[in-house]
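We name chains A, B, ... by the order of the sequence lines, and we start the count at 1 in each one. Not measured: the values here are computed from a predicted model.
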Protein chains: 2
Amino acid sequence: MSVTIYDIAKEAGVSIATVSRVFNNSNNVSEKSRTKILQLAKKMGYHPQAMAQGLARKKSKLISLIVPVMSNYFFMEVLEGIQEKIGDSDFDLNIYNVKLSDDIFEQVEYSVKRGMAEGYVIISVHFTEKQWNELKKYDVPITLVDEYSAEFDSVSVDSIDGAYNATQYFIEQGYQRIAMISALSRSKPTQDRVSGYKRALEDAGRFALSELIVAGDSTARDGFTEKNGYEAMIKLLSLPEHPDACFCNSDIQAIGAIKAMQDHGIYIPIIGYDDIQFSDFFGLSTMRQPMREMGEMAIEKILNRINNPGGKISHTVYAPELVLRSSTLSPAAMAEKSARFKEKNSGKPVLY
Amino acid sequence: MSVTIYDIAKEAGVSIATVSRVFNNSNNVSEKSRTKILQLAKKMGYHPQAMAQGLARKKSKLISLIVPVMSNYFFMEVLEGIQEKIGDSDFDLNIYNVKLSDDIFEQVEYSVKRGMAEGYVIISVHFTEKQWNELKKYDVPITLVDEYSAEFDSVSVDSIDGAYNATQYFIEQGYQRIAMISALSRSKPTQDRVSGYKRALEDAGRFALSELIVAGDSTARDGFTEKNGYEAMIKLLSLPEHPDACFCNSDIQAIGAIKAMQDHGIYIPIIGYDDIQFSDFFGLSTMRQPMREMGEMAIEKILNRINNPGGKISHTVYAPELVLRSSTLSPAAMAEKSARFKEKNSGKPVLY
DNA sequence: CTGAAAGCGCTTACAG
DNA sequence: CTGAAAGCGCTTACAG
């Protein structure tokens with residue numbers, strides 16, 4: 001039996017209203033009452049219960065994050081921005097993890113309609129306009145991250161654009177057989193990136209060859225794994241005529257792809273997508289998504305929406321930025337670098 | 001204004017009790033009423049509010065995870081086990097993220113005493129017995145992960161033992177100057193691992209040399225980063241006489257350490273700690289912690305505790321397991337492997 | 001500065 | 001199968 005406001009009131013010889021005032025920092029309480037109540041509360045282990053407070057106030061001071069697959073680099077970095085920003089507010093964070101095995105819409109809808117939080121930040125969930133529209137009826141503040149819908153505030157990155165630019169970079173450098181490592185076709189970002197890749201080739205008067213667009217066979221995390229990237233690169237290198245450059249759907253896959261190149265002793269320049277922490281460390285060139293900023297922006301939007309439910313809907317679309325590191329060195333430059341490396345390492349490491 | 005049970009009752013021409021029954025799957029409702037209510041609810045966007053339900057039932061059907069630094073490999077893997085297990089129950093998950101910058105005890109206490117959840121799984125939080133004891137007064141189900149206290153159910157891994165065994169392995173293999181890459185000394189697991197390392201040396205009649213126990217200078221995530229591992233290994237390799245083997249505080253640091261070895265052209269066998277997903281991929285030998293199992297066990301314990309608050313407190317301590325991969329090859333074996341590798345790769349990759 | 005009372009949106013015996 | 005009513009633990013005008 002946990003202790004309630006009544007227990008404290010009784011013990012302190014005051015009404016529950018006074019106890020409540022103490023915990024709500026109302027200044028209309030005598031110093032004497034306040035001290036006594038606080039002391040009693042401490043001793044008896046009392047604190048207002050979140051649920052009762054929420055009901056009485058009709059406010060929970062909670063923001064809910066709704067996200068599938070938490071163990072994902074994109075989410076981890078977005079989360080850091082979110083935490084940073086929410087720390088400045090008086091809201092608490094709550095994370096609701098959607099299971100990919102079940103009906104995703106149902107889970108999101110359930111979570112939203114229960115009304116546990118004052119606002120919802122929905123990350124990397126992709127619905128049809130019709131579905132998003134259906135959520136509208138619960139009349140709850142929602143901000144979308146990594147997705148776009150006319151119905152809600154959103155912050156996203158132009159994936160098509162990013163893929164386009166990465167591919168265009170290779171075209172400008174004179175590469176002829178530019179491959180793309182994709183992922184499961186059900187992944188929305190992957191679809192967009194494939195579109196951007198194709199468009200860049202077409203705008204350059206070339207054709208996208210289906211044999212050069214491959215994914216690995218691993219399906220975990222929609223293919224966003226090292227393993228999947230490794231498998232994909234193996235396929236590419238097994239082609240009668242292998243590609244001379246590769247745009248890769250994600251950094252995590254690119255890391256696997258690089259390992260495949262090493263195992264096969266073939267090197268082609270590669271550009272990843274995301275710019276996760278590993279990438280800089282491993283010298284991977286990539287299309288950088290401003291993940292932290294996206295997280296911060298999302299909190300800013302949801303807070304605005306909570307304070308001003310009628311405000312105009314706003315969309316922020318970031319343009320990804322090409323970050324060049326050593327993985328885009330030309331084969332010649334790479335050979336030279338490798339030679340230097342091997343000289344230094346004669347008879348030594350090269351682990352995996 | 002969101003729609004409540006009263007709106008539905010009125011519209012359906014029944015009492016709120018009947019509406020409530022429909023949503024609680026009580027079978028004492030005529031098919032006619034049920035259909036009408038469900039249909040109305042769907043149309044009007046009604047669903048029982050979590051807070052009101054929680055208050056009335058005195059149950060939230062929520063388990064709260066309390067964790068510092070979410071973006072951490074250990075946590076990610078534990079989380080997968082947790083999600084797996086909780087999916088089989090009718091509880092929802094809720095994650096409360098502790099900020100390392102503020103008073104941790106205060107945050108944990110706050111979160112627990114607000115009573116939002118029915119049970120709390122506290123991960124990688126390290127307090128004194130006195131502090132844990134203080135939490136006892138809120139009389140709430142709590143399970144500890146990666147920590148031990150007599151007061152609460154817990155699931156942990158014997159870090160001392162793990163470090164001992166890793167070190168002992170190197171001793172048995174005949175290595176003479178076995179180094180250890182540690183991390184920030186405020187990290188509890190790190191303290192334990194250093195103890196185990198020292199003890200193994202001492203039990204073999206040797207001394208732990210302080211110059212051989214080093215951490216990098218990066219303080220992010222308590223030193224559990226590639227960068228920190230890289231820095232640490234650089235220090236070790238800069239020693240007048242460098243070590244001939246290395247036990248490393250975490251896999252993530254070990255990956256950085258390996259890169260440092262490659263950059264320096266010096267190879268020594270290394271054993272990491274954790275067995276994160278990358279490790280298998282990169283051929284890193286490691287002390288494996290059964291992270292998924294730990295997550296599953298934690299949920300099992302908290303559920304038991306919720307159902308049976310008076311039950312006997314139980315502690316599960318896993319013994320970590322040494323997983324040998326290519327990073328513990330002897331220098332000779334490694335040299336041979338490298339030679340083969342280089343032959344295959346003549347004039348080719350070796351990225352970063 | 002303080003208390004009595006209404007209300008937040010539900011659930012759940014109890015009685016029929 | 002259904003409704004009236006009490007109760008969950010708070011907050012917050014209102015009146016003093």
Side-chain angles (χ1 to χ4, degrees), chain A residues 1-38 40-41 44-62 90 110 113-118 138-140, chain B residues 1-38 40-41 44-62 90 110 113-118 138-140:
Chain A
M1 211 75 235
S2 61
V3 9
T4 72
I5 197 172
Y6 295 97
D7 302 320
I8 302 294
K10 192 183 210 176
E11 202 72 22
V14 298
S15 74
I16 60 164
T18 299
V19 177
S20 175
R21 285 188 187 102
V22 168
F23 282 91
N24 287 289
N25 296 313
S26 160
N27 37 12
N28 293 328
V29 182
S30 70
E31 203 43 55
K32 191 172 154 233
S33 299
R34 177 186 308 280
T35 314
K36 182 158 196 178
I37 288 168
L38 249 20
L40 238 32
M44 302 169 68
Y46 168 76
H47 190 273
Q49 289 183 29
M51 305 233 130
Q53 273 190 320
L55 184 57
R57 285 186 186 147
K58 305 194 72 174
K59 293 196 178 184
S60 60
K61 282 295 160 195
L62 229 46
D90 57 342
Y110 172 74
K113 71 186 178 187
R114 292 179 75 216
M116 184 73 101
E118 289 184 59
Y138 297 109
D139 194 23
V140 139
Chain B
M1 211 72 234
S2 60
V3 10
T4 72
I5 198 171
Y6 295 96
D7 302 318
I8 301 294
K10 191 184 212 174
E11 202 71 23
V14 298
S15 74
I16 61 163
T18 299
V19 177
S20 176
R21 284 189 189 103
V22 169
F23 282 92
N24 287 288
N25 295 314
S26 161
N27 37 12
N28 293 329
V29 183
S30 69
E31 204 42 57
K32 192 172 154 233
S33 298
R34 177 186 308 280
T35 313
K36 183 160 196 175
I37 288 167
L38 248 21
L40 238 31
M44 301 170 68
Y46 170 75
H47 190 274
Q49 290 184 27
M51 306 232 128
Q53 272 190 321
L55 183 57
R57 287 187 184 145
K58 306 194 71 175
K59 293 195 177 182
S60 61
K61 283 295 160 192
L62 231 45
D90 56 343
Y110 172 75
K113 71 186 178 186
R114 292 178 75 216
M116 183 73 101
E118 288 185 60
Y138 297 110
D139 194 23
V140 138

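When the P atom of C:dC8 is taken as reference, atom CG of B:Leu55 falls 14 Å away, rounded to whole Å. Rounded to whole Å, atom P of C:dC10 lies 12 Å from atom CZ of A:Arg114. Computed from coordinates, the A:Asn28 CG to D:dT11 P distance equals 15 Å when rounded to whole Å. Look at NE2 on A:His47: it is 10 Å from P on D:dC10, rounded to the nearest Å. Whole-Å rounding puts the B:Met116 CE to D:dG9 P distance at 16 Å. Put simply, CD1 on A:Ile37 is 12 Å from C1' on C:dG3, counting in whole angstrom units. If you take CZ of B:Arg57 and P of C:dC8, they are 20 Å apart, rounded to a whole angstrom. Computed from coordinates, the A:Gln49 CD to C:dC8 C1' distance equals 15 Å when rounded to whole Å.
Spacing between D:dG16 and D:dT12 at atom C1', rounded to whole Å, works out to 16 Å. Remark: the separation of the P atoms in D:dC1 and D:dA5 is 24 Å, to the nearest Å.
Contact check, A:Thr4 against D:dC8: no side-chain N or O comes under 4.0 Å of OP1 or OP2. Residue B:Ser30 places at least one side-chain N or O under 4.0 Å from the OP1 or OP2 atom of D:dT2. Look at B:Lys58 and you'll find a side-chain N or O under 4.0 angstrom from OP1 or OP2 of D:dG9.
The side-chain heavy atoms of A:Arg57 and A:Asn24, taken from C-beta on, include a pair separated by under 4.5 Å. Contact annotation: the side chain of B:Leu62 approaches that of A:Met116 to within less than 4.5 Å [non-hydrogen atoms, C-beta and beyond]. Between B:Tyr110 and B:Arg114 there is a side-chain heavy-atom pair separated by less than 4.5 Å.
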Given Watson-Crick or G-U pairs with both distances under 3.5 Å, what dot-bracket string fits DNA chain C, with | for other-strand pairs and [ ] for crossing?
|||.||||||||.|||
Under 3.5 Å, side-chain donor or acceptor atoms of residues 44-54 of chain A against the rest of the protein: list the pairs with distances, not counting sequence neighbours.
none

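Of all the residues in residues 6-16 of chain B, B:Tyr6, B:Ile16 reach under 4.0 Å from DNA chain C with at least one non-hydrogen atom.
With sequence neighbours excluded, the residues forming a salt bridge (charged side-chain N to carboxylate O under 4.0 Å, His left out) with B:Lys61 are B:Asp90, listed by chain and number. With sequence neighbours left out, A:Ser15 forms a side chain to side chain donor-acceptor pair (under 3.5 Å) with no residue at all.
In the set D:dT11, C:dT11, C:dT2, C:dT11 carries the atom at the smallest distance from any side-chain atom of B:Pro48. The A:Thr18 side chain lies nearest to C:dT2 when the options are C:dG9, C:dT11, C:dT2.
Atom NZ in B:Lys36 sits 8.5 Å away from atom CD in B:Glu11 (nearest 0.5 Å). Atom OG of B:Ser2 sits about 8.5 Å away from atom CG of B:Asp7, to the nearest 0.5 Å. Taken from CD1 in A:Ile5 to CD1 in A:Ile37, the straight-line distance is 8.5 Å, to the nearest 0.5 Å.
When heavy atoms are screened at a 4.0 angstrom cut-off, B:Ser20 is found touching base atoms of the nucleic acid.
The minimum heavy-atom distance linking A:Ser60 with A:Ala117 is given by the pair OG-CA, 3.5 Å.
Between A:Asn24 and B:Ala56, the one whose closest nucleotide on DNA chain D sits nearer the 5' end is B:Ala56.
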Protein and nucleotides 13-16 of chain D: nitrogen or oxygen contacts under 3.5 angstrom:
residue: D:dA13; atom: N6; partner: A:Arg21; partner atom: NH2; Å: 3.3

